[in-house]
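Take a look at the structure below.
In the text below, chain A, chain B and the rest are named by the order of the sequence lines, each starting its count at 1.
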2 protein chains.
Amino acid sequence: MRDERFCASNCSFTRAIGTIGNKWKPIILNVIGTRTIRFGQLDSIVPLISRKVLTEQLKELEEDGLLERLAYKELPPRVEYKLSEKGLAFLPILESIKEWNCKYEVAPMPGEADKKSRINYARTV
Amino acid sequence: MRDERFCASNCSFTRAIGTIGNKWKPIILNVIGTRTIRFGQLDSIVPLISRKVLTEQLKELEEDGLLERLAYKELPPRVEYKLSEKGLAFLPILESIKEWNCKYEVAPMPGEADKKSRINYARTV
DNA sequence: TATTCTGGTTACCGCTGGGTAACTACAAAT
DNA sequence: ATTTGTAGTTACCCAGCGGTAACCAGAATA
């Protein structure tokens, strides 16, 4: 899901977009936030993502230095994820995206009836 | 390329990601910046994008209120794009992504020989 | 007359992103 | 002896993303 051509650009911004410019990574980073979280928790909190894709995204985030992975040598396995310094430094950007969207979003919210079935990934709305 | 399920979320952040969370839109917004630009210019400045996808992305950006489209009734046609207030308000976020990436990017740049063939979408590196 | 220029749109088609289901290891609980 | 729980991995398969090429209008230029 990383765009390799973007990541190979000589432009820092293009590389950044190649790294985090997809729909799942900002969501995952936002869900994790400042806490430590286990794989199964992520899997249930982010319901529309499949196990396979979640694994893949987490692996990429770790490779790109945004995420730290702690695997305990236990059975059944236990793995914990938390943001690295780099990942934590990205959170303010996510916050400004939230503020930006709240301020400028034009589309009115659909009726209340629809709200119940809506997705909600936010730690804080 | 918009994720409709994300856009239908009751979470403002998720909706925002559904709207601008793909690789092309941040690139396009960054390329346009504060200037007014024609379709053909975008097509040549962003070389890896196909005409078809560029059209589609511009249309979505316009629908989402980030972009203003000015079509002159001429032949051959002339169409100009510029960021709306909402789009302009997104530029600082792109800037902070640049700063973030410059500060934390770990992967060393490949050798100079490779740089020449690299993509460069930045107005300012 | 034929070509060029611009900003698309459309048909066709191949690739692959991503979903589902099955499977793994092994300890602990029933 | 069987089930449960965790964190994946793998094989299989299909929808749809996105690339390519052709086509359009109609004025201006050669």
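In this entry the distance linking OH of A:Tyr72 with P of D:dG8 reads 13 Å, nearest Å. One interatomic measurement links the two molecules: NZ of B:Lys25 to P of D:dG18, which rounds to 11 Å at whole-angstrom precision. For B:Asp43 and D:dT20, the CG to C1' distance is 14 Å, given to the nearest whole Å. Atom P of nucleotide D:dG19 and atom CH2 of B:Trp24 are separated by 7 Å, given to the nearest angstrom. Atoms CG (A:Leu48) and C1' (C:dT20) sit 15 Å apart, rounded to a whole Å. Atoms NZ (A:Lys59) and C1' (D:dA7) sit 11 Å apart, rounded to a whole Å. For A:Arg78 and C:dA25, the CZ to C1' distance is 17 Å, given to the nearest whole Å. With rounding to whole Å, B:Met1 atom CE is found 15 Å from D:dG16 atom P.
If you check distances only, the side chain of B:Arg51 never reaches the base of D:dG19 with a donor-acceptor pair under 3.5 Å.
Each of A:Lys23 and A:Pro76 was matched to the nucleotide of DNA chain C holding its nearest heavy atom; the match closer to the 5' end belongs to A:Lys23. Of the two residues near DNA chain D, A:Glu56 and A:Pro77, the one whose nearest nucleotide lies more 5' is A:Pro77.
For B:Lys52, no side-chain nitrogen or oxygen approaches OP1 or OP2 of C:dG7 to under 4.0 Å. Put simply, A:Tyr81 has a side-chain N or O that comes within less than 4.0 Å of OP1 or OP2 on D:dG8. Residue B:Arg38 places at least one side-chain N or O under 4.0 Å from the OP1 or OP2 atom of C:dG7. Proximity of B:Arg69 to the phosphate of C:dG8: a side-chain N or O atom is located under 4.0 Å from OP1 or OP2.
Within a 6.0 Å sphere centred on CD of A:Glu85, other residues, nucleotides and ligands contribute 12 heavy atoms or fewer.
Distances from the side chain of A:Val79 to the nucleotides C:dG7, D:dA7, D:dG26 place D:dA7 closest. Nearest nucleotide to the B:Ser50 side chain, out of D:dT9, D:dA7, D:dG19: D:dG19.
The side-chain tip of A:Lys86 does not point at the ring of B:Tyr104 from less than 6.0 angstrom away and within 45° of straight on.
With 3.5 Å as the limit, one finds a donor-acceptor pair spanning the side chains of A:Tyr72 and A:Glu80.
The side chain to side chain contact (heavy atoms under 4.5 Å, CB included) test with B:Leu58 singles out one residue from B:Leu66, B:Leu67, B:Val53, and that residue is B:Leu67.
Using cut-offs of 30° and 60° for the angle between ring planes, the B:Trp24 and A:Phe6 rings count as perpendicular.
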